[in-house]
Amino acid sequence: MKYKIALVTLFIITVFNCKTQETVTLKTDFNFDWNFKLEDSVSGITDTEWQKIRLPHDWSIANKLDSIKGEGATGYLLGGIGYYKKDFVTNLNNNQVAYILFDGVYNNATISLNEKELGFHPYGYSPFYYDITAALNENGNKNTINVKVDRTRYADSRWYTGSGIYRNVKFITKNKLHIPIWGSFITTPTITNELATVSIQTTINNKYNTTKTAELTTTIYDKDDIVINTDTKKITIAKNASQKDLTTINVNNPKLWDIDNPTLYTAITTIVQDDVIIDTHKTKFGIRSIKFDADTGFYLNGKNRKIKGVCLHHDAGIVGSAVPKGVWKRRLQTLKDMGCNAIRISHNPASNEFLDLCDEMGFLVQDEFFDEWDNPKDKRKNMNEKSVDYITRGYTEHFQEWAEKDLKNTVLSHRNHPSIFQWSIGNEIEWTYPRNAESTGFFNNMDWSGNYFWSLPPNNISAIKEKLSTLPKGKYDIGKTAKKLTKWTKELDTTRYVIANSILPSSSYESGYADALDIIGFSYRRVIYDYGHKNYPKLPIMGTESLGQWHEWKAVIERPFISGTFLWTGIDYMGESNKGWPKKGTASGLLDLAGFKKPSYHMFNALWNNDPNIYITSQTLDKSIYKLDANRNPIEKKEGSWEKKLWVWHNVNEHWNYNDNDATVVEVYSNCEEVELFLNNKSLGTKKLSSFKDHIYKWVVPFKKGTLKAIGLKDDKKIETVITTTTKPVAIKLTTDKQKLTADGYAVAHIIAQIVDKDGNPVQTENQIINFNITGDTKLLGVDNGSITSTQNFNSNKVKTSKGRALLIIQSLQNKTTPIKINANSASLKSNQIEITLEPNNN
């Protein structure tokens with residue numbers, strides 16, 4: 001299908017209304033009207049038929065889970081070789097150049113235009129672009145772009161990656177005298193309440209064969225598009241050359257970007273020749289300051305704050321890795337409501353669309369470059385590689401040649417995002433350099449017995465140094481590689497801190513690894529926070545991968561020198577489930593695969609939010625982690641076990657349905673100073689939070705049908721919550737987060753189906769297969785029940801519920817506006833009907 005590039009200007013700059021704007025600065029959405037086919041080299045099936053698709057696109061998520069040929073490391077979903085093509089027509093004049101920009105293709109992508117190869121790009125997470133001017137056919141003739149994606153190494157990672165062109169693609173047309181892609185870098189070196197200085201570094205490319213003189217103007221706008229200040233200067237650029245310009249503009253009484261008020265400004269830079277605007281470049285940015293202090297922690301805009309972060313992988317369950325912005329927004333907002341203020345992108349660079357959301361919503365971001373460096377990890381076991389296997393060949397195969405290019409492309413593309421406050425050069429890299437692990441004394445040490453998670457290093461600093469100097473060295477040195485990566489990062493940006501997630505910090509301090517860092521991140525090593533601060537007091541410390549448990553947060557708030565932490569993980573993710581079938585993912589999240597809240601979410605809501613909150617869970621005594629003491633109060637079966645809880649929250653229910661007189665333990669997660677529990681309006685006593693070292697209120701309650709109510713008191717404010725015994729299911733209740741969608745082909749709605757009783761209470765103890773019936777102009781993106789052990793196909797309108805509920809995600813179609821109607825039924829139940837209207841896309 002031919003695709004005509006629309007000659008629509010990016011925007012009109014009213015401040016320059018005395019000048020003429022040429023239609024030469026175009027950034028066109030290039031996601032529509034692609035064709036795709038898959039050669040499945042794993043199963044031997046070849047699909048020779050082209051299917052029409054829209055990008056972003058992840059072909060693996062549409063496959064069925066395969067427990068035989070699939071690998072738990074990547075969620076039992078297969079890869080193959082995918083082919084993409086798109087036909088389009090251009091109408092460039094002699095003064096124009098054209099680029100194509102890919103924000104991410106997973107992976108080993110070969111890009112060709114009109115049968116001319118543009119290049120090969122192996123890394124699945126770094127953005128890249130090509131100047132395609134010379135490869136374009138004459139105006140009016142069809143051009144064909146082809147992208148081959150080789151995912152035959154379908155277990156090349158330790159988590160679900162997805163397959164294909166899973167991020168946005170843009171077609172960009174510019175004058176030969178122009179600001180290139182990623183050609184603007186904005187910093188704010190000086191900030192006071194009265195004044196901020198904004199430094200704009202602009203690159204200008206001259207692709208003409210003659211020297212060019214022009215006028216460079218930069219104007220800063222506030223969030224309401226009101227002009228704040230402007231600067232204009234003359235520039236002269238030699239033929240076929242590139243140069244940088246540095247401009248400083250003052251902003252009076254700046255509104256700072258903050259996690260509570262993420263104010264964004266816009267800088268618009270134009271190149272003008274003979275009163276004609278020939279190029280326009282738009283950059284959003286924030287004015288904010290960041291500082292880490294080795295003794296007192298993290299400061300944002302001069303205010304000391306704890307980093308309340310979570311780690312996230314890049315899949316979103318149903319939709320795989322091709323995640324619509326609206327899906328991320330729902331998930332991020334849920335985390336924000338819990339008090340989360342930071343995201344660690346694990347373990348790869350984020351998409352620009354994801355970073356846009358973090359800018360807009362007020363999340364700090366640690367952007368991580370790599371999970372592997374010089375040596376490969378064992379994709380099935382996380383540590384150093386145990387065997388060589390074609391399907392697990394990953395990025396290490398390309399690291400020596402591509403690392404600098406991929407790192408720098410990421411920094412150039414992402415460095416204007418105010419949300420980013422840390423660049424992470426690597427994740428748990430030490431496993432892949434065996435002498436670093438051995439030097440700690442934890443491993444290969446017959447004289448030591450203990451638990452790595454909870455023990456101090458067996459070897460003291462002198463012994464670690466001695467081991468590192470005498471143990472056999474590999475081909476590559478971790479310290480040298482770390483310094484190289486940091487050097488490349490700081491060549492492009494010195495305004496952020498360089499960090500790494502260290503799984504073996506006691507050796508990293510001495511191997512040269514920590515010397516390359518501005519901050520050292522500890523991975524599951526909160527027991528040596530004091531060790532690190534005492535012995536290496538000048539290097540700030542924080543938790544960069546930590547357990548989602550109270551003991552982790554307790555260790556942070558008790559130590560001013562610990563800036564905060566990133567919990568593993570914010571949301572359950574596909575993969576890292578090696579030989580765990582039917583477990584297809586990892587259940588360490590505070591939200592499940594469908595984005596539903598888990599009990600651990602409510603615990604951290606109590607820990608991270610100041611406003612009063614309260615939540616009830618329960619479990620029969622025999623299935624709980626408790627026993628009764630002499631006074632029939634619940635105590636841990638193993639005293640102090642709360643201090644050593646690992647990734648997954650203990651087994652509790654969020655309902656009140658048991659057998660009569662069953663001994664149950666009721667848990668209440670709350671930040672209230674005291675809570676009173678009632679069963680059928682009879683008080684079961686008031687308890688104080690200070691009485692519970694594990695930060696969990698507990699009562700032993702003989703089960704009776706009815707209502708449990710908890711009333712909490714915090715700062716003289718009362719808050720209450722109830723759960724009620726449910727009766728038999730009578731219906732399916734559908735709810736939606738959107739009543740209207742824009743018909744742009746991107747907007748999504750989440751529809752939740754919940755089995756309910758006659759009083760409308762959610763029935764969590766009975767599950768049924770639900771069929772969603774959908775009419776109107778929409779695309780079904782998939783269904784899920786959130787369970788990590790569900791092996792159902794996502795790409796369906798039928799799903800068995802978990803805890804009585806399931807999720808459907810739909811997406812609008814471009815320029816199609818027939819209203820969407822949805823209902824659901826099971827073998828015995830019917831639902832209400834919801835209707836979603838579609839509004840024309842006026843953009």
Side-chain angles (χ1 to χ4, degrees), residues 61-65 75-77 160 315-320 323-324 326-328 330-331 334 571-574 582-585 587 589-599 601 653-655 657 726 728-739 741 748-757 760-776 778-811 820-836:
I61 200 65
N63 294 340
K64 292 182 178 179
L65 297 167
Y76 297 104
L77 289 167
Y160 178 77
D315 76 281
I318 291 173
V319 294
V323 187
V327 172
W328 272 130
R330 171 182 177 255
R331 292 173 171 232
T334 306
I571 308 173
D572 290 354
Y573 59 94
M574 297 279 288
K583 185 169 168 280
K584 63 179 182 288
L590 308 178
L591 306 177
D592 68 18
L593 276 180
F596 295 136
K597 300 171 184 176
K598 296 164 70 175
Y601 174 96
N653 299 314
E654 298 168 269
H655 61 72
N657 282 70
T726 54
K728 67 178 184 179
V730 299
I732 301 166
K733 182 181 179 181
L734 297 185
T735 56
T736 177
D737 64 342
K738 295 288 174 60
Q739 300 291 336
L741 292 178
V748 296
H750 297 79
I751 293 88
I752 296 172
Q754 175 68 61
I755 296 173
V756 296
D757 66 10
N761 297 312
V763 177
Q764 299 183 31
T765 54
E766 184 167 333
N767 294 305
Q768 298 191 23
I769 295 174
I770 288 178
N771 293 279
F772 289 98
N773 309 298
I774 309 164
T775 61
T778 188
K779 177 182 179 181
L780 183 152
L781 292 184
V783 291
D784 191 22
N785 62 18
S787 171
I788 210 76
T789 58
S790 170
T791 58
Q792 300 170 98
N793 184 12
F794 292 120
N795 190 23
S796 174
N797 69 329
K798 180 173 70 174
V799 61
K800 186 175 182 179
T801 61
S802 175
K803 299 181 181 179
R805 68 188 174 192
L807 174 70
L808 163 74
I809 303 180
I810 61 169
Q811 188 170 52
I820 303 164
K821 296 180 180 180
I822 303 171
N823 60 57
N825 66 276
S826 69
S828 60
L829 304 175
K830 293 184 179 180
S831 79
N832 56 308
Q833 179 168 285
I834 61 173
E835 183 169 331
I836 300 172

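Both backbone and side-chain heavy atoms feed into the values below; hydrogens, waters and symmetry mates do not.
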### Query
side chain to side chain contact (heavy atoms under 4.5 Å, CB included) between K598 and L591: does it pass, once the steps are laid out?
CA-CA 5 Å; K598 296 164 70 175; L591 306 177; 5.5 Å; no
### Summary
Of all heavy-atom pairs linking D737 and H750, the shortest is OD1-N, 2.7 Å
### Query
Judged by atom type as modelled, is there a donor-acceptor pair below 3.5 Å linking the side chain of Q768 to the main-chain atoms of T801?
no
### Positive for side-chain contact (heavy atoms from CB on, under 4.5 Å) with I822, one of L780, N773, T775, L808
L808
### Message
Quick one, N771 with K798, criterion side chain to side chain contact (heavy atoms under 4.5 Å, CB included). Give me CA distance, side-chain angles, the key distance, then yes/no.
### Response
CA-CA 5 Å; N771 293 279; K798 180 173 70 174; 3.4 Å; yes
### Task
Check L781 against P324 and note the closest heavy-atom contact, atom names and distance.
CD1-CG, 3.9 Å
### Message
Restricting to non-hydrogen atoms, name the atom on A824 and the atom on I770 that form the minimum distance, rounded to 0.1 Å.
### Response
CB-CG2, 3.7 Å
### Message
Quick check for you: to the nearest 0.5 Å, what is the distance between L65 atom CG and L77 atom CG?
### Response
4.5 Å
### Query
Measuring from T726:OG1 to Q764:CD, what's the distance to the nearest 0.5 Å?
8.0 Å
### Side-chain heavy atoms of T334 within contact of K597, under 4.5 Å
yes
### Summary
Nearest heavy-atom contact between V756 and V763 is C-CG2, 3.7 Å
### Task
Report yes or no: does D572 contribute a side-chain atom to a donor-acceptor pair with the main-chain N or O of G589 at less than 3.5 Å?
yes
### Message
Using a 3.5 Å distance criterion without hydrogens, assess whether the side chain of D315 forms a donor-acceptor pair with backbone atoms of Y573.
### Response
no
### Query
Would a distance-only check, ignoring hydrogens and angles, find a side-chain to backbone donor-acceptor pair under 3.5 Å from N653 to H655?
no
### Task
Kindly say whether K800 contributes a backbone atom to a donor-acceptor pair with the side chain of Q792 at under 3.5 angstrom?
yes
### Query
Does the Y76 side chain pair with the main chain of T791, one donor and one acceptor, at a distance under 3.5 Å?
no
### Message
Let me confirm one number: the NZ-CD1 distance from K738 to I834, rounded to the nearest 0.5 Å.
### Response
12.5 Å
### Message
Using the rule given for side chain to side chain contact (heavy atoms under 4.5 Å, CB included), can you reason through K584 versus L593, listing the C-alpha separation, both sets of side-chain angles and the distance that settles it, and then say yes or no?
### Response
CA-CA 11 Å; K584 63 179 182 288; L593 276 180; 3.7 Å; yes
### Message
On a heavy-atom basis, which atom in A753 and which in F772 lie closest, and how many Å separate them?
### Response
CB-CZ, 3.8 Å
### Beyond-backbone contact of I836 with T778, side-chain heavy atoms, under 4.5 angstrom
no
### Interatomic distance, T789 atom OG1 to K583 atom NZ [nearest 0.5 angstrom]
10.0 Å
### Query
Do S826 side-chain atoms and I769 backbone N/O form a donor-acceptor pair below 3.5 Å?
no
### Query
Checking side chain to side chain contact (heavy atoms under 4.5 Å, CB included) for the pair I61/N795: CA distance, chi angles, key distance, verdict?
CA-CA 8 Å; I61 200 65; N795 190 23; over 6 Å; no
### NZ (K733) with more than 12 external heavy atoms under 6.0 Å
no
### Message
Looking only at the side chains, is there a donor atom on one of S790 and D784 sitting less than 3.5 Å from an acceptor on the other?
### Response
no
### Query
Ignoring hydrogens and geometry, is there a side-chain-to-backbone donor-acceptor pair from N793 to K64 under 3.5 Å?
no
### Query
So, do I755 and E766 sit near enough that their side-chain heavy atoms are less than 4.5 Å apart?
no
### Query
Got a second to check how far L734's CG is from N823's CG, nearest 0.5 Å?
7.5 Å
### Query
What's the spacing between N797 CG and I774 CD1 if we round to 0.5 Å?
6.0 Å
### Message
I need the minimum non-hydrogen distance between A594 and R330, along with the two atoms involved.
### Response
O-NH1, 3.0 Å
